[in-house]
Each structure stands twice: as C-alpha cells, then as structure tokens.
Amino acid sequence: MAIERYNPRDAEPRWQARWAAENVFTTDNKDPREKYYVLEMFPYPSGRIHMGHVRNYTMGDVVARYKRARGYNVLHPMGWDAFGMPAENAAMKNNIHPKTWTYENIATMRSQLKSMGLSLDWSREFATCDVEYYHRQQQLFVDFLEKGLVYRKNSKVNWDPEDMTVLANEQVIDGRGWRSGALVEQRELTQWFFKITDYAEDLLTALDSLDQWPEKVRLMQRNWIGRSEGLTIRWQIAPGTAPQGFGEIAVYTTRPDTIFGASFMAIAADHPLARQLASANPEIEAFCDECRRAGTSLAALETAEKRGLDTGVRVLHPYDKSWEIPVYIANFVLMDYGTGAIFGCPSGDQRDLDFAHKYDLPVVPVVMPADGDAASFKVTDEAYIGDGVMINSRFLDGMVPAAAFDKVASDLSERSIGNSPQAERRVNYRLRDWGISRQRYWGCPIPVIHCDDCGVVPVPKADLPVILPDDVSFELPGNPLDRHPTWRHVNCPICAKPARRETDTMDTFVDSSWYFARFTAPWEDTPTDPQAANAWLPVNQYIGGIEHAILHLLYSRFFTRAMKATGHVGIEEPFKGLFTQGMVVHETYSRGAGAQREWITPAEVKIEEGDGQRRARMLDTGEELAIGSIEKMSKSKKNVVDPDDIIASFGADTARFFVLSDSPPDRDVIWTESGVEGAHRFVQRIWRLVSEAQPALLHATAKAGEDGEALAVSQIAHKTLKAVQGDFDRLGFNKAVARIYEFTNALAQPLSRVASGQADASLVAACRQAVEILVQLIAPMTPHLAEECWMALGNSGMAALQAWPDYDEALVAEDVIVMPVQINGKKRADLTIERDADQTRIEAAVLDLEQVKSALDGKSPRRIIVVPQRIVNVVI
RNA sequence: GCGGACGUGGCGAAACUGGUAGACGCAAGGGACUUAAAAUCCCUCGGGCAUAGCUCAUACGGGUUCGACCCCCGUCGUCCGCACCA
C-alpha cells in the first residue's frame, strides 16, 4: 500500500483554521481551573518575524500547550511593542506615515505568527500604539504623578544638534549621533522622571525571592542597582582658600577607615565649587569644559587619562586641623554619584594612586596584610585593597578596617559642624531615576499641560486620551509635535487660559512595563481590572532574550510596584518564572576580502561535504565561497534564514521541532540546513509509522499484553512519558526531543510488524496505546502533525484538547534490573537481579559472577559497595 | 579592572544528588532495495593495541573518594555583563 507523504502545506492551514473556528485557545477569566500565565516578550513590529521569534514563541507555545493538557486554564496572549524610532526613521526615509508603516508590519507579522500554529488567544491582542492602550497608560501616568512617583527636573542629556533630538547613551557612538554622525552635545533639558530610586532597596532585596529567575539576571540587576554603604563626611575648608559662601565640602566614602591615608580631595567639574571657581578663572573654566566634553563618549572613558587641576582650595582633616589637604578638580569624579566629591587615599585605591603619582602627592599606607610588618610595608606601584590591619592611622592602628570604619563613623557622627553632625552613615545606589521624556512623535504623549499661571497641570482623566495627531510632517528634523500648527495649543484645565501641551512622548520602555498586566483584561476602560490582574499575575513563565536582563525587566518590576501603590494591582513582582533563551545563529558565507568582502545569504549557497572536507558553493554558478564564523543572524552578514521560506518548504512543525532540538534552550542554537532536514525526516517518519500501522491499530481490541514484547512497548512508552513530562516541566526541550527520538526508534520494529500483520492482538493493543502516547508527547511541539495523527488513529476531538496521560508507575519501575558491576571502580560486568534484592543477596550474586571470580582469584574482596538499584563496586 | 558563566567525539550535545562517559541528532563511511535517482531500511562511527577483550580519554596539573565530567586547590583558554560608582 502506498503511503502518502505528510503534507504540511495542506494539514497546517487546515488545523489552524479549525483551532480558530472553534476558539480552542481563547481564555476565559471565569474558568475556575487553576490559572497558568505563559508569556513571551512581545515583538517590535519591524517588518517580518525572524528565527529568534520562531524560537522564542515556539518555546512559549510548548509550555502553553503542555500546561493546557495538564489541566490548567492557560493564558497565552500576543501583542505588539509598536511605538519607537524605526517607524519615524521609515517615515523620514520612505515618506510613509509611522502609523501606516507600523500597522502594515503588524498585519504581516500577525499572519506569519499564525502560520506557526501558535496556541495564542488572539482575542486579547493589542498594539501599544493603539489609542485604547496608550489612553490607559496616560491614566497610569496621571495616577503616578498624583502619588509623587513622577517628577520633572533639569537633566543633562545627549543632544544631537542635526536631528534635534535627545539620544540614549546607546545611540551615541564615539561621541557622535548614530544616525546623523553629528558631534553630540550635552544639554540641560527639563525632563520627566519616574522615581525608580524610591524602590531601589526593595528591588534589590526582592531579587532573593525570585528563585525561578536565572542567577545571572539577578546578579546583573544587583550590580545595576549597585548598593553601597558608606559615610558622608563634611570637610571644613581652610579659611581664605575658597570663594565666599563655601565653608565645607561633603564627601561620600565607603572607606572612612582609610581617612588617615587621605592626601587629596577631588571634585567633579560640575560641582558647585568648581563652577564658582571657573566663573572667576579662565584656566579652571577651560579645564572644566574639557572634562565635560570627555564625559560625552562612554568609550573614551576606558582609556581616558586621570587628570586633575589644583584649585588652590585647601580642606582641613577632620581629625587634625593643622593638616591641610589640596582640593583638585578631576575628570574622573562624577557629579551624580554620592556628593560629586571624593577624598583620595592613594595607598588603598589604584586610581587614587595613579593620580598621586602624577601630581606628586603623598602615599601613606594605612592598611597592610595581617601578617605584614608595619615598619617596612610600602605601597609603590600597586594599591593594597585587601583586608588586614590598620597602620599609620593614629588611634585606629591595630584595628581591622571594619572596626576602624565603625569607629570613624560613630566618632564623626557625634561631632557637629554648625547644627548638624560632621558625618552621617549613608546608603548609596548606582541606580538613577528613569528619565522617560523623548522628543519624538511616535510614542505615548505625556498627558500634561503647561500653563503660565498654573504651572504644570495634568490632563484631567475625563479629557484623556491625549491623541497623537495624524497630520504631521517628517520633512524637517526634530519633533513634529513641536511644529504642528494646532495640536499643542490648548486651554489650561484649571484657569481656562491658553496653555501649551507637553510635546515630549514617553520612552517606549514604559509601554512594555505593564503590557503583561493589560493582557489580563484588555477590554477594561481602566488600565487593569485589579481582580483579573491579581488572579493571573505574576506571570508564571516569562520567556525572552537575555538582552532585556536589566532595562525591561527592572522597569517592569518597578512599574508593578508603582501600580500596586496606585491600586491597579495587588502584587509587586510581575514575573514569577523567567527564562532567557539563546539566539539562533548561522554560519556566514562570503566572497572577496577586506573592504571588497561581499556576504552571501544561505539561500544562495549549497554545502558539499565529503572526505573530511566542507565547501560552500554558489547554488547557481558553483563558485566556491569562504565559510566564515557562526554568528547571530543579521542583515549585515546576510546569514539570515527567513521563517516564511522554511515554513513554505518544510512546514511550521519542522521549524518548531528544529529550534527545540539539539541545543539547550538557554544556549545559542546553530541553524543548519541539514539539521532542518533531519527535523523534517522526523516529522515524515512519525507520519509514516502511524499511517502504515493505522489499519491494524484502528482495530485494536485486545488488552495490551503483560509480558514479552507488548510489555516492553508499554514500558518504554510510560518511561518516555514520565521523562518527557519532567523535561517539559524544566523547559528541557532538547532532552525531550532526544527521548522522543529514542521512543520512536524503539517503536519502529514492533510497528512494522503490526503493519505487516505479524503481531498478535496484545502487541497491537500495546502499540496502539504507545502511539497515542507518542502523539500526545509531540503535540506541544509539532501540533499540526499531532492532530493529523490523532485523527488518523480514529479518535474524535482534537489532540490540542486532550488531557495529558498519566504514566503507570508499575510500567516505569521494572521488577528486574541490570546493575553495572565495577571492580576497583571500573566496569567489568553486568548483574541482572530483582529490583528489590537486598544487600546480602546482591553481594552473593556479584561474587558468583565469572568476571568477579577470576579477578578475585580465590581471595576475598576488601570491600563491596552496593548502591541500591544503581551500581556495585568490588574493591580488591 | 570588577563580576559571572563555560571548556566532553568531526559537529550540536546527553550523563539525576558523586555511580556504566558520549544517549539522541547532524555529518561521514559501507551495504540492501532500484535500470537509475529520490525516499526508506541495515551496519560502522573518540584514540590505541587488538578485533573475544584490554587500555587511554570529559582543557591542563594536582587533591579528596571504593568510585570524579560532577567536589576542592592551581594553571590555561573562550564567552558574557558592568565599568572612572569613591
């Protein structure tokens, strides 16, 4: 009988249509079953989906389908992170409206995602650029404003003078705008900020509770928040050395114990004292300007020389009024950390040491190793930063640094200058407040109005949404909202006099900081339905790229807290489980070299293998190409494989199965043509095995046999079921794939016997049950194939709706097991024995083995180690 | 510089809590079927000696243990994150 090859082009759209028609994946909030929320990071609608999306959404879909089978009420939604610069860039370049561009891209990508057969609840879909969505975001903003979680302040920003816009630090490359190439300026602008620092401590300590997050991500967030404990010390200025009005300088230090090693003080170029001095002294002014310019380029910091300028100002040592210390302006001191001023202890800090050498300042060692000799210990080229014992520090001598820290802290805290203590213990964070103002069109308008009389007035909720105008032009650089003829002119909501709208829009990271909450009730006219949000959140399993380890995931954690403070949710942590998946990478192909190098896309390349050689040739001309390194798929290297092409030639199931195979999901997976073909072979093989045996399986009536081959088939089926279940629980998709391959290999023989009529009724019955289990195991990964097989087996209903089978413990645990027998730690024999055999019985059986007898040669063993059900080791 | 992760066949990788190292897939080689090809099926596949079995082998050098890819110490290498944070 001729078996037709499985045809995904026919089967896949058919099942997708049926799932949609029967609303199989639409989620009901009122469903009483236990809830499970699985979410993948939503895509930016850049134009087309790429293989990274395929991998990300396939993993999430496996979890969703698996959890659904396990009886959960699963929420698995999809949306679009749709505001952002690329739409405006496209508008400027191609004269297409950002809105048109974005929604067209969404339409394309939506149909691409649908062709993957993802079990998504499309009824909850939204884009962040939908008025419906950003309306609610404006409501949130107003609530945050009322709660004091939003404020305005002057802030230094990277300003691109050509494009007339603010750039993020990442968009400044070597001091120039990434688009315009213009030299970036530092500008002071009034910007809106979210008070994320209010939650710094909480965001830090709560990381400990996120035990289903990768340790790596938690560590990155810990470092980003950057907590330090120290002391702010006020140093008095030596009379007559500083301009009027400056009597002291406050310094933040984490090492007050090293105070007797101080040999200079350094302040930032933007420190008030530095500014004051600069205004009266051109030399100082020039130096400060230079420091500011250098600060523009992040990359330059790596190599920038530590430089300083002696201001002539002197401060008095807190413990010795006769000890004067010079004050420098230095290019490495940051105004926005601590107090913008430091004291330098060259012996205990490499940077301070370099500075001291350069400007010939004293180097006094104050900490030495515990076993050191105070008389001879010197710091010359390398600062000593380790623990140890205090020296050259008067009354601190002999203490450990931690004790010296406490002594100085309590000492100076009790003294006062004027009415306040000379020093205070302080906790500092590296984390800055989140600046969200963007001088852009394609973003959520910040809903406030500037009135000359009433100041900054939030737009009343009844007047929301503030809708982006459609009639804007992109012919000129800058923010189109600024030059719109009418949009910005409104009346003040308080005094009704003419006023101006805020024309800045919000950072797009705001949009993605709460979308997961919106999915729980996207129909509400408030940002959330707190009841629904609390029922679904936190997201049980969030899946996305490691590149969002800090920004998006930290902002979302802050936002959830802010939403709790304003009554929109009752929880603090948005994501209970987080999984960061690896990238899809591909070999690169090219011809030519250097500047002439031309990259060739894999679709035009064929690979030849043999005799240990691997060659790449042009498909059409046969020209040999250079095979380059394996890299992330990117347009510039052209090593991109289009998911549409793969789905068209192999089907979605093959693509899905391939991205789950081979590599652990948190590591990069290498896309190879032969690997895809392997996955496709598997899909065809399953179909062939099922359809060849189908006529016989359809008529299986007997009970599965409890011995011989039928038992073996049942055992492997249930063992695989148990193992794959565990793999899915731990997101070990590559292991699940391997086990399913093994299972399939084991079924091939019995099934071919079934197909050719050589199997007895009990084997046929066992095979039928095993095949059904196989189909259910593959259903989360290759759902269309599973439906097709499920139907072929004569079952009614859809595979997608079947409950996960329970494995039979009796079939998983065998009565008789094979234990490896080692002699002196090396495997020498196998022992077949009852599973529950006791120590004595095993020892006796082992000593009876030929290999053991000959090794012992009549002697008795020194020891026999028996690990029940695992291994035996005979020590001779 | 600071912090972290990783290192296993030709390749991607398995190996539970310290218990048979290399499952599974890819590639390769050989064979069957076929006029032929595709598809499919069977065999081999870490190194060495030898083909039964022995021996070496999880980056390298030590250690702990009856037993180490796994734990400890040291060395080398790769990747990632942060980076003037006082």
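The structure presented is a predicted model; accordingly, all values stated were derived computationally and were not measured.
Across all their heavy atoms, A:Met59 and A:Phe579 have their closest contact at SD-CE2, 4.3 Å.
Residue A:Asn734 places at least one side-chain N or O closer than 4.0 Å to OP1 or OP2 of B:A14. Residue A:Arg685 has a polar side-chain atom (N or O) positioned under 4.0 Å from OP1 or OP2 of B:C41. For B:G25, neither phosphate oxygen OP1 nor OP2 lies less than 4.0 angstrom from any side-chain nitrogen or oxygen of A:Tyr741. Distances shorter than 4.0 Å separate none of the side-chain N or O atoms of A:Arg351 from OP1 or OP2 on B:C84.
Rounded to whole Å, the P atom of B:A23 lies 34 Å from the corresponding atom of B:A36. With C1' as the reference atom, B:G9 and B:A5 are 24 Å apart, rounded to whole Å.
Note: CZ (A:Arg432) to P (B:C82) measures 16 Å, nearest angstrom.
Closest contact between the side chain of A:Arg5 and the listed nucleotides B:A86, B:A39, B:C80 involves B:A39.
Backbone-only contact: A:Arg828 has heavy atoms under 4.0 Å from sugar-phosphate atoms and none from a base.
When the nearest nucleotides of RNA chain B are assigned to A:Lys735 and A:Lys826 by heavy-atom distance, the more 5′-ward of the two goes with A:Lys735.
Ionic pairing of A:Glu201 and A:Arg227 is present here: one or more N-O contacts between side-chain nitrogen and carboxylate oxygen are shorter than 4.0 angstrom. Salt bridge annotation for A:Asp208-A:Arg222: present, with a cationic side-chain nitrogen under 4.0 angstrom from a carboxylate oxygen.
A 3.5 Å limit on both hydrogen-bonding distances identifies no Watson-Crick or G-U partner for B:A52.
A:Ser228 and A:Tyr252 share a side-chain donor-acceptor pair at under 3.5 Å.
Judged by atom type and distance alone, A:Lys306 reaches the base of B:C84 through a side-chain donor-acceptor pair under 3.5 Å.
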